[in-house]
Amino acid sequence: MQLSDIKHVTVCGGGTQGSQIATQVAYKGYPVTVWLRSDASIERAKPRFATMKQQYLSAVQDLKKGKEYYYGGLTDADHLTDEQIDELYAQTEKRLDSIKLTTDFAEAFGNADVVHETIAEDPKQKEDLYTKIAKYLPEHALILTNSSTLMPSQMVSYVDRPDKFLAMHFANQYWIHNLAEVMPQPQTDPANVELVCEYSKSIGMVPLQLKKEKSGYIVNSLLIPWFTAAMSLAANGYADPETIDKTWQLDTGAEIGQTPFHKLDKIGLPLGYAIYSQSPAAKDPDSDISHILAYLKTYIDAGKTGIAAGEGFYKYSDYDK
């Protein structure tokens with residue numbers, strides 16, 4: 001398969017990552033179908049997609065403010081006239097409205113050329129999904145996992161096309177932080193790694209290819225120790241999130257959105273909890289990791305799961321989401 005053969009993209013899951021991937025891919029002109037487990041899942045996903053649409057429309061409108069708003073995930077143009085921005089705005093609205101949400105396997109996977117898998121970080125759930133979609137997927141279709149905690153080689157036995165299975169991992173706010181970490185497993189065909197890198201560029205991402213598998217990829221290998229240090233300070237009562245963030249901001253000159261607890265809110269506390277739960281230290285109740293998990297759980301149990309929920313460590317308006 002070549003890049004020009006990719007006509008339909010399916011995203012499995014409509015959570016924080018799934019809704020962002022679907023929106024970015026649709027924004028760049030690909031027909032997108034989102035598969036969800038149930039009608040209730042569809043109803044829960046609709047507000048996320050409405051929020052994503054508003055964020056993208058606002059970002060496009062902000063292009064009129066100047067070049068500092070020309071984010072790589074939005075456009076590779078050096079300059080757009082107000083008329084061109086208005087056209088892009090109308091195009092964005094039309095494309096994002098075209099995203100289909102379905103529970104039907106045949107509708108979602110029957111003509112998919114690329115599948116982005118973003119479901120829960122549970123090997124059993126992933127195995128069940130991969131087994132079911134194999135009955136519907138065209139032979140040429142690529143399967144790209146966005147898993148943050150599982151390496152593709154840990155899941156390759158679940159798929160019927162190991163040569164077409166690899167990881168494509170995103171950050172958050174894709175139109176701004178437009179990176180895609182591309183990580184093959186040993187059975188991935190190198191030609192498909194190259195194809196995924198080309199596809200990444202076509203959806204406005206900068207492909208960052210790993211030479212071999214690494215838990216945490218590049219970004220999380222850098223971020224997790226940073227998050228751990230920040231949450232350890234809070235979980236053990238040394239300082240509150242606001243003070244820790246303020247310290248980082250004043251010392252490094254970082255914008256407020258690039259401080260540890262604001263970043264955690266963007267990622268989503270349940271994902272952070274899932275990542276730390278994988279640590280062997282999580283089994284030791286006296287470990288720092290266990291203290292962090294208990295700390296995160298108090299927020300999650302209170303419904304404060306991050307920016308998508310309107311509150312995590314901080315409260316957010318609809319515009320911020």
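Just so you know, residue 1 is the first one in the sequence shown, and it goes up from there. Keep in mind that the numbers below use all heavy atoms, side chains included, and drop hydrogens, waters and symmetry copies.
The pair Lys67-Asp78 does not meet the salt-bridge criterion, since no charged nitrogen lies less than 4.0 angstrom from a carboxylate oxygen. Comment: Glu121 engages Lys126 in a salt bridge, judged by a side-chain N to carboxylate O separation of less than 4.0 angstrom. One finds a salt bridge joining Glu43 and Lys46 here, because a Lys/Arg side-chain nitrogen approaches an Asp/Glu carboxylate oxygen to under 4.0 Å.
Geometric assessment of Lys65 against the ring of Tyr69 yields a positive cation-pi assignment under the 6.0 Å and 45° thresholds.
Lys7 places a side-chain N or O within donor-acceptor distance of the main-chain N or O of Ser4, the cut-off being under 3.5 Å. Under a 3.5 Å cut-off, the side chain of Arg37 and the backbone N or O of Thr103 do not form any donor-acceptor pair. Asn192 contributes a side-chain N or O that, together with a main-chain N or O of Asp163, makes up a donor-acceptor pair within less than 3.5 Å. Checking side-chain atoms of Gln185 against main-chain N and O of Pro162 turns up a donor-acceptor pair under 3.5 Å. Side-chain atoms of Thr23 do not come within 3.5 Å of backbone N or O of Met52 as any donor-acceptor pair. Proximity of a side-chain donor or acceptor of Gln154 to a complementary backbone N or O of Met151 within less than 3.5 Å is detected. Not a single donor-acceptor pair under 3.5 Å links the side chain of Thr243 to the backbone N or O of Ala239. In this structure, Glu213 contributes its side chain and Ser153 its backbone to a donor-acceptor pair below 3.5 Å. A donor-acceptor contact shorter than 3.5 Å is absent between the side chain of Ser232 and the backbone of Ala229. With Tyr199 contributing its side chain and Glu194 its backbone, the two residues share no donor-acceptor pair below 3.5 Å.
None of Phe109, Tyr130, Phe105 except one satisfies the ring pair (Phe, Tyr, Trp, His ring centres under 6.0 Å) rule with Tyr136; the exception is Phe105.
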### Query
Given the rule in the side-chain contact (heavy atoms from CB on, under 4.5 Å) test, do Val60 and Ile85 qualify, once you have shown the distances and angles that lead to the verdict?
CA-CA 7 Å; Val60 169; Ile85 292 170; 4.2 Å; yes
### Query
Would Asp265 and Tyr314 satisfy side-chain hydrogen bond (donor to acceptor under 3.5 Å, both in side chains), going step by step from the backbone distance to the final call?
CA-CA 8 Å; Asp265 275 350; Tyr314 299 94; over 6 Å; no
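Using a 3.5 Å distance cut-off with no hydrogens or angles, the side chains of Gln24 and Tyr56 do pair a donor with an acceptor. For the residue pair His169 and Ser148, a side-chain donor N or O sits within less than 3.5 Å of a side-chain acceptor on the partner.
Heavy-atom neighbours of Lys64 NZ from other residues, nucleotides or ligands within 6.0 Å: above the threshold of 12.
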